[in-house]
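Some notes on the structure that comes next.
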Amino acid sequence: MAQIDDLPPLRETIATYGLDARKSLGQNFLLDLNLTSRIARNAGPLENTCVLEVGPGPGGLTRALLAEGASKVIAIEKDRRCLPALEEISAHYPGRLQVIEGDALEFDPSILGDGPIKIAANLPYNVGTQLLVNWITSDRWPSFWQSLTLMFQKEVAERIVAKVGSKAYGRLGVLANWRCNTEILFDLNPKAFTPPPKVVSAVVQLHPKESPLECNLKSLERVTAAAFGQRRKMLRASLKSLSKDAEAIIVEAGLKPTERAETVDVEGFVALANKFDAAMSA
Ligand code: SAM
């Protein structure tokens, strides 16, 4: 295992503080510092950058982010049992680690100030998708973050990066790829975690597009929910609930009423959202 600092090995930290993993908190710890360093390097460069980390747990990724040069890490952890372990890291890197005990879903990013922020996390699987959706649908755009480097179950990662025509293409892919450039960086074997999850994980990276196509977010969410909610149906049927003029609006958006959601690319959904929006506010 790589020596990135002279703090105790993570297994020792877990034993010292009795951090037996809890399923209810999505706790699958990454104890291999080679892997946590790989994630931190991919999130970099981190100099002069504040990193927001969700769910530091015993602090493996936190240590890697600090060793990689993050000027500050702000880490939100729901499990107070982890706080003493994180205090040890904080003492090792004076003034560079701020731990917030709480639920990341309730965290208000406006307290972060204006400097560059990157988000890096091995996300708890039970709230990971919701956190991502919150970050990519923020009212403020370009977003408060410069990049997201996040670990998900591979199946979720595939949905995030999915493009039209792929099996995993759906609402999440449209939303993510409308506003961001997305890619899967690498996979992680379940054996890399303690305890091992049942499925393969993957690290995904998102960079915000400076000028995504103009679109009303609520309208895009409504249209994709309706279209993918009945993905086997043709658009003229799946979008009927949005307007009695659905068929004409689909044609106005440059699409065929007989197409299905899975053949409509992001630009197509943006056009649909804009046309439905215009029709509703007419
Ligand atoms: N970062 C550590 C690692 O890589 O080993 C732990 C990752 S573990 C998959 C997820 C972490 O998120 C756990 O420490 C868990 O307690 C924490 N967590 C779960 N739900 C949370 C929430 N709503 N807000 C903040 N932290 C949460």
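Whatever order the structure lists them in is the order used to number ligands and atoms, beginning at 1. Excluded from the calculations below are hydrogen atoms, water molecules and symmetry mates; all remaining heavy atoms, backbone and side chain alike, are included.
- Residue contacts with ligand 1 leave out Cys82, since none of its heavy atoms falls under 4.0 Å from the ligand.
- For atom 12 (O) of ligand 1, the closest heavy atom belonging to the protein is Gly55 CA, 3.2 Å.
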All N/O donor-acceptor pairs, side-chain side in residues 265-272, below 3.5 Å, sequence neighbours left out:
| from | atom 1 | to | atom 2 | distance (Å) |
| --- | --- | --- | --- | --- |
| Asp265 | OD1 | Glu267 | N | 3.4 |
| Asp265 | OD1 | Gly268 | N | 2.8 |

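- By the side-chain hydrogen bond (donor to acceptor under 3.5 Å, both in side chains) test, Glu77 is found to be paired with no residue, residues two or more places apart in sequence or in another chain being considered.
- For Asn28, the heavy-atom gap to ligand 1 drops under 4.0 angstrom.
- The residue Ala121 has no part lying near ligand 1, judged by heavy-atom distances below 4.0 Å.
- Ligand 1 has no N or O atom lying under 3.5 Å from any N or O atom of Asp79, backbone or side chain.
- At a 4.0 Å cut-off, at least one heavy atom of Gly102 sits close enough to ligand 1 to count as contact.
- Heavy atoms of Gly60 stay at 4.0 angstrom or farther from ligand 1.
- Residue contacts with ligand 1: Leu105 is placed with no nitrogen or oxygen under 3.5 Å of a nitrogen or oxygen of the ligand (distance criterion only).
- Taking the ring axis of Tyr169 as reference, the NZ or CZ atom of Arg159 does not stay both within 45° of it and closer than 6.0 Å to the ring centre.
- By the criterion of a heavy-atom distance under 4.0 Å, the side chain of Glu53, and not its backbone, is placed next to ligand 1.
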